[in-house]
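Labels below follow one simple rule: chain letters A, B, ... track the order of the sequence lines, proteins then strands, and each chain is numbered from 1.
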There are 2 protein chains.
Amino acid sequence: MEQASAAENFIERMGLISQVDGAPRIAGRILGLLIVEGRPFTLDEMAERLKISKASASTNARQLRASGIIRLVAHAGDRHDYYELGSDPYRRSMETISERLASIGSEVIEAAASFPEGQAEAKRRVCQFGRFYLRMGERLKAWSEQVEDEADTTTN
Amino acid sequence: MEQASAAENFIERMGLISQVDGAPRIAGRILGLLIVEGRPFTLDEMAERLKISKASASTNARQLRASGIIRLVAHAGDRHDYYELGSDPYRRSMETISERLASIGSEVIEAAASFPEGQAEAKRRVCQFGRFYLRMGERLKAWSEQVEDEADTTTN
DNA sequence: GCAGTCGTTCAGTCAAGACTGAACGAACTG
DNA sequence: CAGTTCGTTCAGTCTTGACTGAACGACTGC
């Protein structure tokens with residue numbers, strides 16, 4: 001049995017967290033890797049280090065990129081795609097969540113709008129539910145604009 | 001093809017939202033049903049209305065109950081278990097999320113503690129990540145204590 | 001042109017878990 | 001006690017989607 005370093009341990013834990021959240025485990029592990037190492041990685045490096053196929057590395061990295069958590073960087077004279085932690089990755093991920101919440105909120109309110117006359121009470125409850133999501137999204141978005149400041153002030 | 005009422009439409013939509021969030025679809029549909037109808041339901045009623053087995057109704061209702069979103073009520077002289085929306089269901093669900101975030105945060109920080117000397121930078125980044133989750137949990141918790149007030153002041 | 005090196009895509013496999021039917025135990029009723 | 005009526009549990013099925021290997025297209029340098 002291979003001795004698990006603290007880094008590997010953290011990376012695997014990130015995978016499990018990601019999995020419980022309904023996201024692919026590999027995505028969490030990639031994020032963990034980039035956090036631990038703190039430098040850009042190519043798909044091949046990620047695949048080798050995490051013992052996954054290059055296909056999985058490509059797919060999951062792109063998905064993480066789509067949610068703004070990691071970003072693609074290029075080095076001159078090097079054809080590789082390098083992925084690294086984006087700037088303010090946490091703020092960005094909060095924005096992504098915020099957008100999703102707001103989207104659900106308006107979706108629900110839209111659904112509420114089509115309720116017939118006779119169900120005013122039901123309509124009211126559905127509307128309230130939708131507004132809860134909207135408010136949550138707005139609040140999260142407001143937070144995300146403070147987070148980057150705090151991150152700078154943390155010394156350890 | 002059956003004509004889909006606004007209520008059914010909303011319920012199904014809730015199921016999809018729940019599914020995307022990684023939770024069972026039936027759980028979302030049950031929640032939607034309870035929001036729309038605004039009255040207690042027995043497992044049999046839910047099973048019939050949502051066209052699911054009683055086993056699914058039982059399992060998912062209990063799961064929703066565990067996260068504090070719905071609650072169990074009893075009527076005198078009636079052996080049935082009735083489920084209805086809990087008091088402040090949204091606040092309660094936020095508390096559940098908040099606890100989970102805090103739990104992840106301390107888990108990550110704990111993992112960071114086991115980093116060896118030579119990886120001070122990595123340890124710092126992991127710690128920062130953990131603190132982000134902790135802070136997010138704390139904020140959500142603080143906010144959940146205001147939400148119930150706002151809910152009362154909403155007129156429509 | 002060809003060979004090599006990227007990232008992506010796609011068909012296929014496989015495992016996780018959602019869902020069900022049937023059996024079960026508990027609590028009533030007569 | 002037998003007969004119902006609940007809720008729960010468990011074995012089994014089946015769907016979803018994560019993951020992979022192999023093929024592919026784009027690009028580079030020779």
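Applying the ring-ring contact (aromatic ring centres under 6.0 Å, His included) definition to pairs two or more places apart or across chains, those involving residues 41-80 of chain B are His75(B)-Tyr82(B).
Rounded to a whole Å, the OH atom of Tyr82(B) is 9 Å from the P atom of dG7(D). dT15(D) atom C1' lies 17 Å from atom CD1 of Ile52(B), rounded to whole Å. For Asn60(A) and dG7(C), the CG to P distance is 15 Å, given to the nearest whole Å. Going from atom CG of Leu43(B) over to atom P of dC19(C) covers 15 Å, rounded to whole Å. The interatomic distance linking Lys54(A) (NZ) with dG21(D) (C1') rounds to 12 Å, in whole Å. In this structure, the CG atom of Asp78(A) is 15 Å from the C1' atom of dG4(C), given to the nearest Å. Arg65(B) has its CZ atom 13 Å from the C1' atom of dG7(D), to the nearest Å. Straight-line distance from the NZ atom of Lys51(A) to the P atom of dT20(D): 12 Å, rounded to whole Å.
Between Ser58(A) and dT8(C) there is a side-chain N or O to OP1 or OP2 distance below 4.0 Å. Phosphate proximity of dC19(C) to Ser56(B): absent, as no side-chain N or O sits under 4.0 Å from OP1 or OP2. Note on Arg62(B): a side-chain N or O is less than 4.0 Å away from OP1 or OP2 of dT8(D).
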**Asked** Given Arg124(A) and Gln119(A), is the side chain to side chain donor-acceptor pair (under 3.5 Å) satisfied, shown in steps?
**Response** CA-CA 9 Å; Arg124(A) 193 187 59 79; Gln119(A) 304 181 350; over 6 Å; no
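Under the ring-ring contact (aromatic ring centres under 6.0 Å, His included) criterion, Tyr133(B) pairs with Phe129(B), sequence neighbours left out. When the side-chain contact (heavy atoms from CB on, under 4.5 Å) test is applied to Glu84(A), the partners found at least two apart in sequence or on another chain are Pro40(A), Arg71(A), Val73(A). Residues meeting the side chain to side chain donor-acceptor pair (under 3.5 Å) test with Arg125(A), sequence neighbours left out: none.
The closest donor-acceptor contact from the side chain of Asn60(B) to the backbone of Ser56(B) lies under 3.5 Å.
If you check dC6(C), dT8(D), dT20(D) against the side chain of His80(A), the one that comes closest is dC6(C).
Between Thr96(A) and Ser93(A), the side chains place no donor N or O within less than 3.5 Å of an acceptor N or O (distance only, hydrogens not considered).
Closest of all the heavy-atom pairs between Gly32(B) and Phe10(B) is O-CE2, 3.7 Å.
Near DNA chain D, defined here as any heavy-atom distance below 4.0 Å, the residues from residues 14-37 of chain A are Pro24(A), Arg25(A), Ile26(A), listed numerically.
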Distances under 3.5 Å only, N/O to N/O: pair up the protein atoms with those of nucleotides 22-28 of chain D.
unit_1	atom_1	unit_2	atom_2	d
dC27(D)	O2	Arg79(A)	NH1	3.3

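Side-chain heavy atoms closer than 4.5 Å link hydrophobic residues (I, L, V, M, F, W, Y) into clusters, and following such links, even through other members, never connects Leu134(B) to Phe115(B).
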